[in-house]
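Every chain is numbered from 1, with letters handed out A, B, ... down the list of sequences. Only heavy atoms go into these numbers, but all of them, side chains included; no hydrogens, no water, no symmetry mates.
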Amino acid sequence: MDLLYRFFRQSGYDVRYVMNITDVDDKIIRNAARDGVSVQQYTAKYEQAFLEDSAALNIERPLLVRATEHIPEMAEFIGKLVEKGLAYRTEDGSYYFRIAKFPQYGKLSKKDFAGMEDGARVDVDEYEKDSARDFALWKAPKPGEASWETPIGRGRPGWHIECSVMSMAELGPTFDLHAGGEDLIFPHHENEIAQSESLTGQPFARFWFHARFLLVEGEKMSKSLGNFFTIRDLVLKGHKPSSIRWLLTSVPYRNQLNFTFDGLKSAASSVEKLRNFRFRLTSAQLIDGANPTIAQLATETVDRIKGALEDDLNTAQAQAAVFDMARKANAALDSNEVRKDDVPALLAALEKFDEIFGVLKDDDQSKIKTIVEWARTTGREKEASPELLEIAGSVQLSDNQINEKIAEMEAARKSRNFKASDALRAELTSAGIVVENTKDGVRWKRK
RNA sequence: GGCGCGGUAGCCAAGUGGUAAGGCCGAGGUCUGCAAAACCUCUAUCGUGAGUUCGAUUCUCACCCGCGCCUCCA
């Protein structure tokens with residue numbers, strides 16, 4: 001979704017990007033009670049972790065809205081539904097949406113409920129609902145659990161109501177695009193549509209964007225299988241945030257991505273290749289002038305990337321376009337066909353690509369440091385891989401110090417004192433610095 | 001059982017009615033004091049069977065395998 005957002009913005013749209021945070025539900029209430037903290041304290045911790053992981057992945061921050069900050073509007077919304085006869089109150093003070101009043105129910109998930117008998121599988125009596133499919137808008141308070149006092153009574157919101165209320169508050173009764181995971185299509189989004197459209201009489205979201213779930217090592221991700229990882233888990237294992245981001249974005253959103261550790265390594269190499277290319281462009285010593293073939297390559301690539309993303313956000317093809325450019329341009333650099341004036345166009349094409357994919361500029365170091373710091377404060381430092389600690393700790397060398405070392409190394413190489421130069425190279429390597437000797441001279445980068 | 005998605009080289013993964021992008025890994029080569037980077041070459045009868053078609057990986061049907069949803073878990 002971050003890519004979609006970035007792509008819309010790059011295409012010239014003024015995007016208002018809102019993300020709902022569910023900070024109250026049965027599970028949260030239960031767990032908060034278990035931990036002896038308030039709902040707010042409990043959710044704040046997870047929201048913080050979520051935002052940190054998002055930041056590590058270079059995900060741009062949307063406008064965040066929280067369910068608990070919109071309780072009065074929810075009550076108002078439910079009140080209106082009741083007035084219109086679209087919802088009803090049960091004896092215990094809960095409110096339910098009357099699905100029978102929304103004939104189009106099931107249109108998003110393409111489910112046909114016409115032939116389904118109430119009570120066939122679900123116990124209708126359990127919650128005094130009129131129909132088994134009616135869903136909760138508002139739940140009556142239970143002793144000792146968090147609840148809010150509102151005009152429709154005391155209680156707490158059901159799951160679906162928050163999304164309708166918040167999106168309408170921020171975006172109006174009809175908005176352009178609603179995104180989410182494929183698992184939310186039914187019932188969550190279906191219910192959002194039902195309660196929203198039956199109230200306003202207007203379309204809720206014009207388009208829906210559902211991303212498929214990923215597989216981890218070919219299996220469904222789950223805690224019980226032991227293949228459930230957070231971003232910080234992966235980083236602690238030694239994977240760069242950019243590798244994770246690359247892997248996640250390398251498969252178009254409609255397809256099921258198989259997230260594997262081999263894949264992460266592969267992604268790291270891919271990113272590295274593009275970073276090397278960018279580095280080479282910025283440091284190459286070139287002859288003045290321009291080569292129309294190269295200029296055309298840059299233009300073609302920009303067009304291909306745009307075309308791929310416009311085609312249902314085909315990220316795989318956009319990436320292929322950039323690799324094609326890198327390969328051709330690298331070959332041209334090898335054969336001295338690139339001129340000085342060609343470089344800006346090539347860099348601009350890369351830049352445009354990276355505005356969407358967001359993996360090239362950052363060297364991951366600051367993000368890794370943040371996570372290592374976090375691990376230190378939470379006692380998880382021992383989980384960190386040695387390479388990681390090295391990266392996190394490798395900032396002691398300043399650019400000047402590095403340049404001095406390299407100058408020394410070059411002097412040693414000139415006098416063919418290879419033992420000395422190798423020692424210096426090893427020293428820099430262990431500090432996370434890679435030194436390359438090219439025909440254009442020496443250059444270095446942080447690994 | 002119902003609805004939906006997918007099975008493409010060692011791995012990941014696009015795509016098209018006219019014999020298949022890209023990446024990773026591997027092998028060989030060029031360059032190089034070493035290393036790194038880069039480039040070149042090599043590796044796929046597109047799950048199985050049948051049908052439609054001049055021609056199918058691409059359309060249809062059947063089958064096998066994997067995945068998701070069908071539950072007040074968000």
Nearest to the side chain of [X], heavy atoms from C-beta on, is which of [options]?
X: A:A316; options: B:rC25, B:rG23, B:rA14; answer: B:rA14
X: A:N314; options: B:rG15, B:rA38, B:rG22; answer: B:rG15
X: A:A136; options: B:rA38, B:rG33, B:rC72; answer: B:rC72
X: A:L215; options: B:rC67, B:rA38, B:rA74; answer: B:rC67
X: A:D183; options: B:rA74, B:rG23, B:rC39; answer: B:rA74
X: A:V251; options: B:rC39, B:rA14, B:rC67; answer: B:rA14
X: A:R327; options: B:rG23, B:rC73, B:rA14; answer: B:rG23
X: A:Q317; options: B:rC24, B:rA14, B:rA74; answer: B:rA14
X: A:R304; options: B:rA21, B:rC73, B:rA13; answer: B:rA21

Pairwise distance [atom1]([X]) to [atom2]([Y]) - rounded to 0.5 angstrom:
X: A:D312; Y: A:R254; atom1: CG; atom2: CZ; answer: 4.0 Å
X: A:L350; Y: A:F357; atom1: CG; atom2: CZ; answer: 12.5 Å
X: A:Q256; Y: A:F213; atom1: CD; atom2: CZ; answer: 10.5 Å

Return the value, rounded to whole Å, for the distance between atom [atom1] of [X] and atom [atom2] of [N].
X: A:R254; N: B:rG68; atom1: CZ; atom2: C1'; result: 15 Å
X: A:D311; N: B:rA21; atom1: CG; atom2: P; result: 18 Å
X: A:F323; N: B:rG23; atom1: CZ; atom2: C1'; result: 5 Å
X: A:E217; N: B:rC67; atom1: CD; atom2: P; result: 15 Å
X: A:L108; N: B:rC70; atom1: CG; atom2: P; result: 14 Å
X: A:I21; N: B:rA74; atom1: CD1; atom2: P; result: 16 Å
X: A:E145; N: B:rC72; atom1: CD; atom2: P; result: 18 Å
X: A:E272; N: B:rC25; atom1: CD; atom2: P; result: 11 Å

Base, sugar-phosphate or nothing for [X]? Non-hydrogen atoms, less than 4.0 Å.
X: A:S250; result: nothing
X: A:R413; result: base
X: A:K139; result: base

Complementary nucleotide for [N] - Watson-Crick or wobble, under 3.5 Å:
N: B:rU71; result: none
N: B:rC25; result: none
N: B:rG66; result: B:rC5
N: B:rG17; result: none
N: B:rG55; result: none
N: B:rC61; result: B:rG49

With rounding to whole Å, what would you report as the distance between [N] and [M] at their [atom1] atoms?
N: B:rU58; M: B:rG15; atom1: C1'; result: 9 Å
N: B:rG26; M: B:rC69; atom1: C1'; result: 41 Å
N: B:rC12; M: B:rG49; atom1: C1'; result: 29 Å
N: B:rC67; M: B:rC25; atom1: P; result: 29 Å
N: B:rA56; M: B:rU52; atom1: P; result: 11 Å
N: B:rC5; M: B:rA44; atom1: C1'; result: 24 Å
N: B:rU71; M: B:rA21; atom1: C1'; result: 42 Å
N: B:rA74; M: B:rA37; atom1: P; result: 49 Å

Give a yes/no on whether any side-chain N or O of [X] is located under 4.0 angstrom from OP1 or OP2 of [N].
X: A:K273; N: B:rC24; result: yes
X: A:N330; N: B:rA37; result: no
X: A:N258; N: B:rC12; result: yes
X: A:S335; N: B:rC39; result: no

Judged by nearest nucleotide, the residue sitting upstream toward the 5' end of RNA chain B, A:R212 or A:E182, is A:R212
The residue, A:N255 or A:K328, whose nearest nucleotide of RNA chain B is more 5′ is A:N255
Among A:E192, A:Q195, A:M168, the one residue meeting side-chain contact (heavy atoms from CB on, under 4.5 Å) with A:C163 = A:E192
Only residue of A:Y88, A:W138, A:Y95 satisfying side-chain contact (heavy atoms from CB on, under 4.5 Å) with A:V82 is A:Y95
Do A:F261 and A:H239 make the cut of ring centroids closer than 6.0 angstrom?
-> yes
Between A:N191 and A:Y105: side-chain donor-acceptor atoms closer than 3.5 Å = yes
Is the closest side-chain donor-acceptor distance between A:H160 and A:H189 under 3.5 Å?
-> no
Would you state whether a donor and an acceptor, one from the side chain of A:R425 and one from the base of B:rA35, lie under 3.5 Å apart?
-> yes
Minimal non-hydrogen separation, A:P344 against A:K340, with atom names | CD-O, 3.6 Å
